[in-house]
*Asks:* 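I'd like to ask you about the structure that follows.
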Amino acid sequence: MDRRKFFRLLGGGVFLASALKGRAQAPWDEKTFEPTRTLGAPLSEYGGRSPFEEEVVRYISPNLRTRHSGADFAPLEKLEGVITPNGLHFERHHAGVPQVDPKSYRLVIHGMVERPLVFTLEDLKRFPSVTRTYFIECAGNGQNGYRNPPDPNLTATRSRGLASNASWTGVPLALLLKEAGVKPEARWLIPEGMDAAMYTRSLPLEKAMEDVLVAYAQNGEALRPEQGYPVRLVVPGWEGSIQVKWLRRILVTDLPAMAKDETSEYTDVMADGKVWAFTWVMDPESIITYPSGGQRIKPGFHEIRGLAWSGHGRITKVEVSFDEGKTWRRATLEPPVERLAMVRFKLPWYWRGEEVVLWSRAWDEKGNTQPTREEFFKKWGRNNRYHYNAIQAWRVLPDGRVVNGDRPLLGFAQGPGGGCDGEVFDV
Ligand SMILES: Nc1nc2c(c(=O)[nH]1)N[C@H]1C(S)=C(S)[C@@H](COP(=O)(O)O)O[C@H]1N2
Ligand SMILES: [Mo]
C-alpha cells in the first residue's frame, strides 16, 4: 500500500499527523476525520494513551534546581478511581533513576543472621507472593501548606500530589528474613538502594515482620524504573522515604544507622528547636479533587470527589464542610475501602452560584482525623517542613473559578518550611 493511500485510510489530515508525533495539537477536523469510514490503527505491542490525553502528566516545578534530586507530583485532580497509573506515580529521587539489569540484579541479606543470603530476581519470584494495594506518600507531601500567606494558585496536584496508590506484588520481607534466620539480638534492618545516592534508611525489625513487602510488580507489570525497578521495599502506611527503591542490600543489626536521610532530612524540627526523628507513620489525609484549585464549574449539579488515606489503618469516614467547619456532611466511600490504601469519596452537591468554601477531613479506624491549619501549626510549630496534613480548603468564586481557600495565619512569619518538596527545596 502506498504511503498516501495509507494516510487517507487512517483519516489523514491534522489528526493523524499529530497522533504520529505523539501529541494532539489541534482538535480534529470533523470534515476530514470520520472514524466509521476509515480503517483504525493497527495492533500494537505496548498500548499508549489517546493523543488527546497527553496533557495529563506529572507536575514538575519550574523552580527545581535539578531534576535528579527532586520530586514531581501525581496529577490527582485528573485521575479517577483510586489506582495511580504507573506512568503518573509521583517520583522522588535523591540521585536520579539508575538503570538496573534484572539479570545481574542481586539482593543481599547479611549481618545478624544465621545464613547470609544472596537472592536473584528469579529467586525472589519463587517465594509465595502477596498482592496488596497501598498508598505511598512522601513525608514532604503538603509542604505547600507551610506557605504563608497561602499560594492562591494551588491545585490539588501541588497540594497533595506527592502521594500515589498502586497494587504492589512481592514477597513478604518476613519470609526472606526467616530464610536467613534472624539472630535474637537483632532489632533493626538497614536497607540500601543501588542508586548513586546509595540511599540508606533504618527500618525496625518489628515492622518488617508485620507487613513490609519486597516488591517487584506495580499494577500488574514490573515496577517502573522510577519506582525502583526491579525491586523496592513497600512499607505500608509509613512515609515514602523509608520505602527504599532499587533495593540491593539489607543489613540486619541491633542499632539504627542514623543515615543522612533519617537525620539531616526527614526529621521534624519542633517549635522549641527540638528535633523528632523516626516519625514514620503518615497521619490521615484527604483532598477534594473535584472541584479543586484551577478548575472552573457551572451552576447546577456536581459530584464532589476526592481521595483519602491514612497510615494508621482503614479510612472509616470522610466529611465535607461548606461553612469552614461549623457543620459537616458525610461523604460516601467507594468500596472496596482497603487498609493503608487510597479511598475515593463522593458527595452529591447542587451549586447555586454562591461563593462557598469546601473543606474535607478524613477519619481512620484509630479515631485520628485532620486538624485545621490553626490546630496543625499549634501542634507542629513553624519550623518543620514535613507531615503537613491540615484540612485543604477550596474556595468556589461566584464566577465558578476554584482557588485555594486556605486563610493566611495571623502572626505567622515565613519559616524555613516555606517551600515545597519538589518545588522550592532542593532536598
Ligand atoms: N534508593 C532510593 N530509594 C528511595 C528514594 C531514593 O532517592 N533512592 N527516595 C525515597 C523517598 S524520599 C520517597 S518519598 C519514595 C518515593 O517513591 P516513588 O518515587 O516510587 O514515588 O522513595 C524513597 N526511596
Ligand atoms: Mo520522600
Side-chain angles (χ1 to χ4, degrees), residues 58-60 66-76 83-100 105 107 134-143 157 160-168 170 189-203 212-219 221-250 257 259-268 279-282 285 309 311 342 384-388 419-423 425-427:
R58 293 190 277 236
Y59 174 75
I60 302 179
T66 159
R67 287 191 173 192
H68 294 85
S69 175
D72 59 28
F73 298 70
L76 298 183
I83 293 292
T84 312
N86 286 345
L88 296 172
H89 196 287
F90 87 96
E91 302 177 70
R92 171 74 179 101
H93 317 306
H94 289 73
V97 180
Q99 196 177 64
V100 182
Y105 172 80
L107 170 63
Y134 293 122
F135 74 82
I136 294 182
E137 179 180 21
C138 180
N141 200 21
Q143 220 168 65
T157 295
R160 290 301 194 284
L162 290 181
S164 293
N165 193 58
S167 161
W168 304 99
L189 305 177
I190 317 296
E192 179 189 85
M194 57 199 300
D195 46 346
M198 289 195 288
Y199 188 84
T200 301
R201 288 281 301 233
S202 307
L203 175 69
V212 174
L213 285 182
V214 174
Y216 44 77
Q218 171 186 3
N219 294 330
E221 62 181 354
L223 297 182
R224 286 291 163 99
E226 303 95 297
Q227 266 64 61
Y229 181 86
V231 174
R232 81 171 305 161
L233 285 185
V234 172
V235 185
W238 286 24
E239 60 186 11
S241 51
I242 203 164
Q243 316 204 18
V244 176
K245 303 188 282 188
W246 315 291
L247 179 71
R248 71 167 177 190
R249 182 160 81 102
I250 296 173
K260 172 179 87 63
D261 286 295
E262 57 198 8
T263 50
S264 78
E265 305 287 343
Y266 305 108
T267 50
D268 305 295
T279 46
W280 298 300
V281 182
M282 297 308 290
E285 293 264 21
W309 61 95
M342 283 188 181
N384 196 24
R385 60 190 218 217
Y386 299 114
H387 292 285
Y388 182 86
C420 178
D421 198 1
E423 286 226 66
F425 287 138
D426 181 22
V427 294

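Atoms within a ligand are numbered from 1 in the order they appear, just like the ligands themselves. Any value given below was found using the heavy atoms of this structure, including those in side chains, with hydrogens, waters and symmetry copies removed. Index from 1, following the sequence.
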*Asks:* For residues Gly193 and Arg248, report the shortest heavy-atom separation together with the two atoms involved.
*Replies:*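 Looking at all heavy atoms of both residues, the shortest contact is O-NE, 3.9 Å.
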*Asks:* Please indicate whether any nitrogen or oxygen in Arg92 is less than 3.5 Å from any nitrogen or oxygen in ligand 1.
*Replies:*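 Among all N and O atoms of Arg92, at least one is under 3.5 Å from an N or O of ligand 1.
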*Asks:* May I ask you to list the atoms of ligand 1 that are less than 4.0 angstrom from any heavy atom of Gln227?
*Replies:*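 Here the atoms of ligand 1 in question are 18 (P), 19 (O), 20 (O), 21 (O).
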*Asks:* Under 4.0 Å from any heavy atom of Cys138, which atoms of ligand 1 are there?
*Replies:*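 Near Cys138, the atoms of ligand 1 are 14 (S).
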*Asks:* Do Trp168 and Gln243 have side chains that approach each other closer than 4.5 Å (heavy atoms only, starting at C-beta)?
*Replies:*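 They are not in contact (no side-chain heavy atoms under 4.5 Å apart), so the answer is no.
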*Asks:* Under the salt bridge (Lys or Arg N to Asp or Glu O under 4.0 Å) test, which residues partner Arg201, sequence neighbours left out?
*Replies:*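 Checked Arg201 against salt bridge (Lys or Arg N to Asp or Glu O under 4.0 Å); matches are Glu239, Glu262.
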*Asks:* Show the nearest heavy-atom pair for residues Tyr229 and Ala222, with the distance to one decimal.
*Replies:*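 Heavy-atom minimum between the residues: CE1-CB, 3.8 Å.
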*Asks:* Could you tell me, atom by atom, which parts of ligand 1 come under 4.0 Å of a heavy atom of His89?
*Replies:*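 Those atoms are 20 (O), 21 (O).
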*Asks:* May I ask you to decide whether Lys260 forms a salt bridge with Glu265, counting only side-chain N to carboxylate O separations under 4.0 Å?
*Replies:*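 Here Lys260 does not pair with Glu265 in a salt bridge, since their nearest N and O are not under 4.0 Å apart.
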*Asks:* So which of Val97, Asn219, Asn86 actually passes side chain to side chain contact (heavy atoms under 4.5 Å, CB included) with Arg224?
*Replies:*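 Answer to the side chain to side chain contact (heavy atoms under 4.5 Å, CB included) test with Arg224 among Val97, Asn219, Asn86: Asn86.
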*Asks:* Check whether any side-chain heavy atom of Arg232 sits under 4.5 Å from a side-chain heavy atom of Val234, and report yes or no.
*Replies:*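 The answer is yes; the side chains approach within 4.5 Å.
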*Asks:* From atom 13 (C) of ligand 1, work out which of Gly240, Gly140, Gly228 has a heavy atom at the shortest distance.
*Replies:*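 That would be Gly240.
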*Asks:* Any idea which atoms of ligand 1 are less than 4.0 Å away from a heavy-atom of His93?
*Replies:*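 Counting atoms of ligand 1 from 1, those under 4.0 Å from His93 are 7 (O).
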*Asks:* Taking 4.0 Å as the limit for heavy-atom contacts, which would you say applies to Phe90 with ligand 1: side chain only, backbone only, both, or neither?
*Replies:*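 Looking at Phe90 and ligand 1, atoms from backbone and side chain both fall under 4.0 Å.
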*Asks:* Decide whether Arg385 and His387 meet the rule of one side-chain donor and one side-chain acceptor closer than 3.5 Å.
*Replies:*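 No, because no side-chain N or O of Arg385 sits under 3.5 Å from a partner of the opposite role on His387.
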*Asks:* Could an N or O of ligand 1 be found under 3.5 Å from any N or O of Ser241, whether backbone or side chain?
*Replies:*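 There is no such contact.
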*Asks:* Record the part of Glu226 in heavy-atom contact with ligand 1 below 4.0 Å; permitted values are side chain, backbone, both and neither.
*Replies:*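 For Glu226, the contact with ligand 1 is made by the backbone alone.
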*Asks:* Nearest to atom 18 (P) of ligand 1 by heavy atom, Arg248, Glu265, Lys245, Gln218: which?
*Replies:*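 Of the listed residues, Lys245 has the closest heavy atom.
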*Asks:* Please say whether Asp195 places an N or O atom under 3.5 Å from an N or O atom belonging to ligand 1.
*Replies:*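 Min N/O separation from ligand 1 is below 3.5 Å for Asp195.
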*Asks:* Which of the numbered atoms in ligand 1 are below 4.0 angstrom from a heavy atom of Val244?
*Replies:*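 Those qualifying, in numeric order: 3 (N), 24 (N).
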*Asks:* Measuring from atom 24 (N) of ligand 1, which candidate in Arg201, Gln243, Glu192, Arg232 has the nearest non-hydrogen atom?
*Replies:*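 Nearest option to atom 24 (N) of ligand 1, by heavy atoms: Gln243.
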*Asks:* Taking C-beta and beyond as the side chain, do Trp309 and Asn165 meet within less than 4.5 Å on heavy atoms?
*Replies:*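 Side chain of Trp309 against side chain of Asn165, heavy atoms only: no contact under 4.5 Å found.
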*Asks:* Which ligand 1 atoms does Glu91 reach within 4.0 Å, using its non-hydrogen atoms?
*Replies:*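 Checking each atom against Glu91, I get 19 (O).
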